[in-house]
Amino acid sequence: MLAAGAVSTATAEAPLPHRLTAGQTVASAGHAPVPAPVAGAGDAAARSEPLRIRIPAIEVDAPLTALGLDATGALQVPSSRERNLAGWYGAGVSPGERGTAVVTGHVDTEQGPAVFFRLAELTAGQLIAVSRRDGHDAVFAVDTVEGLPKAGFPSTRVYASAARPELRLITCGGRYDPAAGGYQDNTVVYAHLIHAG
């Protein structure tokens, strides 16, 4: 059975709103470095399509694809045919824009570990860079990482609007139980913008 990293699709989960409103350089071999924070960091950027996500601490360097909602109102997941692919909620806030941007990816697929396999390893202060179509990078610092049960997933809190630019990264986590439909938890990373430019 496919072990997809996705936001819970339990019927008790509130649907994702149409539009969510609201410092050192880390480098890794084989991956482009994340820019260091600069003065004025944290100011919101204009809307721009995100193209790529880089998380040097866990060796992520992956393209991004726009995602919509499925028939139940839950966020779709990226194709399981591409292990190194993440998706962002295209009808919501773009990463770097004021509000809460949402990015999701698989923890693994039938082919093995996938883009967010090591997401739960992130710690406060580590950096996430999102390359945007406008030619700029939106750089975020991790605030916290949570493991949350899919049953009763706290959608309102996770997707809450924010007055500043924030980012949520979401994948599956916890115990894998094929009889119960797969992973029983979600891993959620909370981060805030520290540099856009």
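Quick caveat: nothing in here was measured; it's all calculated off a predicted structure.
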- Minimal heavy-atom distance between Val189 and Leu119, with the atoms involved, is CG2-CG, 3.7 Å
- Query: Just wondering, do Tyr183 and Arg175 contact through their side chains at under 4.5 Å, heavy atoms?
  - Reply: no
- Rounded to the nearest 0.5 angstrom, the CZ-CD distance for Arg81 and Glu110 is 10.5 Å
- Compare every heavy atom of Gln184 with every heavy atom of Gly182, then report the nearest pair and how far apart it is. O-NE2, 2.6 Å
- Task: First locate atom OG1 of Thr187, then atom CD1 of Ile170, and finally report the distance between them rounded to the nearest 0.5 Å.
- Result: 10.0 Å
- Query: So how far is it from Gln126 CD to Asp143 CG, rounded to the nearest 0.5 Å?
  - Reply: 12.5 Å
- Is the backbone of Asp108 close enough, under 3.5 Å, to the side chain of Arg83 for a donor and an acceptor to pair up by distance? no
- Message: To check you understand the geometry: which heavy-atom pair defines the closest contact between Leu193 and Val139, and what is its length?
- Response: CD1-O, 3.4 Å
- Query: Cluster question for you: counting only ILVMFWY and a side-chain heavy-atom cut-off of under 4.5 Å, with indirect links fine, are Val103 and Leu51 together?
  - Reply: no
- Task: Using modelled atom types only, decide if a donor and an acceptor are shared between the side chain of Glu146 and the backbone of Val188 within a distance under 3.5 Å.
- Result: no
- Message: Quick check against the 3.5 Å criterion: does Thr171 have a side-chain atom that pairs as donor or acceptor with the backbone of Val107?
- Response: yes
- Message: Ignoring hydrogens, what is the shortest heavy-atom contact between Ala44 and Arg98? Give both atom names and the distance.
- Response: CB-NH2, 3.6 Å
- Query: Which of these passes side-chain contact (heavy atoms from CB on, under 4.5 Å) with Val142: Thr123, Leu127, Ile55, Ile128?
  - Reply: Ile128
- Give a yes or no on whether Leu167 and Leu85 share a hydrophobic cluster (residues Ile, Leu, Val, Met, Phe, Trp, Tyr; joining criterion: side-chain heavy atoms under 4.5 Å apart). no
- Message: Please check if the number of heavy atoms outside Tyr190 that lie under 6.0 Å from its OH is greater than 12.
- Response: yes
- Do Arg168 side-chain atoms and Val158 backbone N/O form a donor-acceptor pair below 3.5 Å? yes
- Item | Check against side-chain contact (heavy atoms from CB on, under 4.5 Å), Asp61 and Arg52 | CA-CA 7 Å; Asp61 188 351; Arg52 193 161 200 89; 2.6 Å; yes
- Minimal non-hydrogen separation, Phe140 against Gly96, with atom names: CZ-N, 3.4 Å
- Query: Among Asn84, Thr104, Leu64, which residue meets the side-chain contact (heavy atoms from CB on, under 4.5 Å) test with Pro78?
  - Reply: Thr104
- Message: Between Asp177 and Lys150, is the salt bridge (charged side-chain N to carboxylate O under 4.0 Å, His left out) condition met? List the steps.
- Response: CA-CA 13 Å; Asp177 183 350; Lys150 288 188 177 185; over 6 Å; no
- Any luck finding a side-chain donor-acceptor pair between Ser79 and Glu82 under 3.5 Å? no
- Message: Using a 6.0 Å cut-off, check whether atom CZ of Arg157 has over 12 heavy atoms from anything other than its own residue.
- Response: yes
- Within-4.5 Å side-chain heavy-atom neighbours: Tyr89 and Leu69: yes
- Ile53 versus Ala86, closest heavy-atom pair with distance: CG2-CB, 4.3 Å
- Task: Using modelled atom types only, decide if a donor and an acceptor are shared between the side chain of Ser48 and the backbone of Arg132 within a distance under 3.5 Å.
- Result: no
- Mind checking the CG-CG spacing from Leu169 to Asn186? Nearest 0.5 Å is all I need. 12.5 Å
